[in-house]
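Chain A is the first sequence line, chain B the second, and so forth, proteins listed ahead of strands; every chain is numbered from 1.
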Protein chains: 2
Amino acid sequence: MSSPSSSPAADASASRPPERNTRQRAAVSRALDELDDFVSTQELHRILTERGERVSLATAYRVLQSMADDGRVDVLRAADGEAVYRRCEVSVHHHHLVCRVCGKVVEVQAPAIESWAERIAAENGFTAVEHTVEVFGLCPRCSAERR
Amino acid sequence: MSSPSSSPAADASASRPPERNTRQRAAVSRALDELDDFVSTQELHRILTERGERVSLATAYRVLQSMADDGRVDVLRAADGEAVYRRCEVSVHHHHLVCRVCGKVVEVQAPAIESWAERIAAENGFTAVEHTVEVFGLCPRCSAERR
DNA sequence: TTCACTGCAAATGCTTTGCAGCGCC
DNA sequence: GGCGCTGCAAAGCATTTGCAGTGAA
């Protein structure tokens with residue numbers, strides 16, 4: 001998901017120009033460190049703006065994209081197609097049970113999933129594994145209203 | 001994402017207005033029957049047009065969306081955020097192991113995940129469950145290049 | 001000094017919507 | 001006939017990009 005199939009740059013950071021240390025990149029990186037969940041570029045930009053950090057939306061897009069290309073952040077697609085990012089190696093790992101009608105969210109643990117992901121990745125020779133599991137459905141209340 | 005091995009048309013849409021049998025809906029449905037893979041609305045529209053089936057793009061979007069709402073098709077998000085659809089109950093449900101550098105994808109089975117999702121949803125009173133599982137890491141080749 | 005990085009605004013491309021006419025039930 | 005369904009064109013939105021100015025190395 002980081003780099004779509006057709007991407008010619010299969011050899012990651014092979015011959016890419018050096019990266020400069022700018023105020024904007026530092027701000028994005030810092031904000032990601034403080035966030036546990038996935039955020040869209042729009043959300044991250046709003047957060048930065050509210051903090052008084054001046055980073056243009058276009059730059060936020062460019063920074064997050066370059067971080068994703070280097071594998072410094074994980075990328076997912078929200079249900080509505082918006083791209084959402086999260087710093088890798090997150091601390092407290094958990095998953096979400098989300099009501100697709102009212103949006104209610106329940107955090108759930110899944111030790112079984114963790115080991116499954118590790119095993120299946122190993123079987124296919126993958127390393128530096130991360131995973132995301134989202135379960136959608138109708139919460140008790142919305143289930144009742146549908147009836 | 002796609003409903004596990006549960007009942008297909010589980011809850012017949014509560015109190016939604018009846019659905020009419022139109023040439024356009026039939027054309028979309030027929031086209032989906034003949035397709036094994038996921039297709040975006042744009043692709044489906046192009047296919048219909050090439051066949052001489054006159055269905056506007058807006059209608060294609062509306063029909064696919066209503067089918068998705070009723071659970072008659074599964075919806076996924078392509079890497080670029082485009083929504084892709086596939087008729088349900090066809091192929092086996094599976095998940096993806098994705099390389100975050102080169103984008104390589106390996107399809108994997110996860111019967112354990114299916115039952116786990118069902119169980120955890122039930123424990124919280126959720127119904128009409130669906131889930132998304134994304135596992136990323138570095139594929140064998142990219143793992144080696146990073147060394 | 002060099003050239004990657006930024007901001008801004010215009011441009012993309014997928015998806016949604018307002019409206020008026022059409023045709024299934 | 002009523003009203004859901006269509007087509008068309010006009011938005012909406014997230015995301016990308018051209019360009020010229022700015023600043024890190």
Show every donor-acceptor pair shorter than 3.5 Å between a side-chain atom in residues 116-124 of chain A and any protein atom, with sequence neighbours excluded, or say none if there are none.
residue : atom : partner : partner atom : Å
A/R119  : NH1  : A/E123  : OE2          : 3.2
A/N124  : ND2  : A/I120  : O            : 2.8

Residues which pass side-chain contact (heavy atoms from CB on, under 4.5 Å) with B/E50, listed by chain and number, not counting sequence neighbours: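 If we apply the side-chain contact (heavy atoms from CB on, under 4.5 Å) test to B/E50, skipping adjacent residues, the hits are B/R46.
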Which residues pass the side chain to side chain donor-acceptor pair (under 3.5 Å) test with [X], sequence neighbours left out?
| X | value |
| --- | --- |
| A/R51 | A/E34 |
| B/Y61 | B/Q42 |
| A/T22 | none |
| A/D80 | none |

Whole angstrom is fine here: how far is it from [atom1] in [X] over to [atom2] in [N]?
| X | N | atom1 | atom2 | answer |
| --- | --- | --- | --- | --- |
| B/L48 | D/dT6 | CG | P | 12 Å |
| A/D69 | C/dC5 | CG | C1' | 16 Å |
| A/L64 | C/dT6 | CG | C1' | 15 Å |
| B/R20 | C/dC24 | CZ | P | 9 Å |
| A/H45 | C/dC8 | NE2 | C1' | 12 Å |
| B/N21 | D/dT6 | CG | P | 10 Å |
| A/L44 | D/dA14 | CG | P | 15 Å |

A/R72 pairs by side chain to side chain donor-acceptor pair (under 3.5 Å) with which of A/D74, A/D70, A/D69?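 Answer after filtering A/D74, A/D70, A/D69: A/D70.
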Give me the bend of the helix from C/dT1-D/dA25 to C/dC25-D/dG1, using the axes of the five pairs at each end, rounded to 10°.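 The angle separating the two end axes equals 40°.
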Quick one: is B/T22 getting a side-chain N or O under 4.0 Å of the D/dT6 phosphate, OP1 or OP2?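 It does, given that an N or O in the side chain of B/T22 lies less than 4.0 Å from OP1 or OP2 of D/dT6.
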Any side-chain N or O of A/S56 under 4.0 Å from OP1/OP2 of C/dT6?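 No.
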Does any part of the side chain of A/H131, heavy atoms only, come nearer than 4.5 Å to the side chain of A/I113, both counted from C-beta?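 Of all side-chain heavy-atom pairs linking A/H131 with A/I113, at least one is under 4.5 Å.
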Could you work out, with salt bridge (Lys or Arg N to Asp or Glu O under 4.0 Å) as the rule, every residue matching A/E114, not counting sequence neighbours?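 Applying salt bridge (Lys or Arg N to Asp or Glu O under 4.0 Å) to A/E114 gives none.
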Sequence neighbours left out, what passes salt bridge (Lys or Arg N to Asp or Glu O under 4.0 Å) with A/R62? Give chain and number order.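 A/R62 satisfies salt bridge (Lys or Arg N to Asp or Glu O under 4.0 Å) with no other residue.
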Just jot down the ring-ring contact (aromatic ring centres under 6.0 Å, His included) partners of B/H45, sequence neighbours excluded, or say none.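 By the ring-ring contact (aromatic ring centres under 6.0 Å, His included) rule, B/H45 matches no residue at all.
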Atom pairs under 3.5 Å: protein N/O with N/O of nucleotides 9-17 of chain C:
residue : atom : partner : partner atom : Å
C/dT15  : OP1  : B/A83   : N            : 2.9
C/dT15  : OP2  : B/Y61   : OH           : 2.6
C/dT15  : O5'  : B/Y61   : OH           : 3.3
C/dT16  : OP1  : B/Q65   : NE2          : 2.6
C/dT16  : OP2  : B/Q65   : NE2          : 3.4

In residues 23-32 of chain B, which residues come under 4.0 Å of DNA chain C by heavy atom?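 Under 4.0 Å from DNA chain C: no residue of residues 23-32 of chain B.
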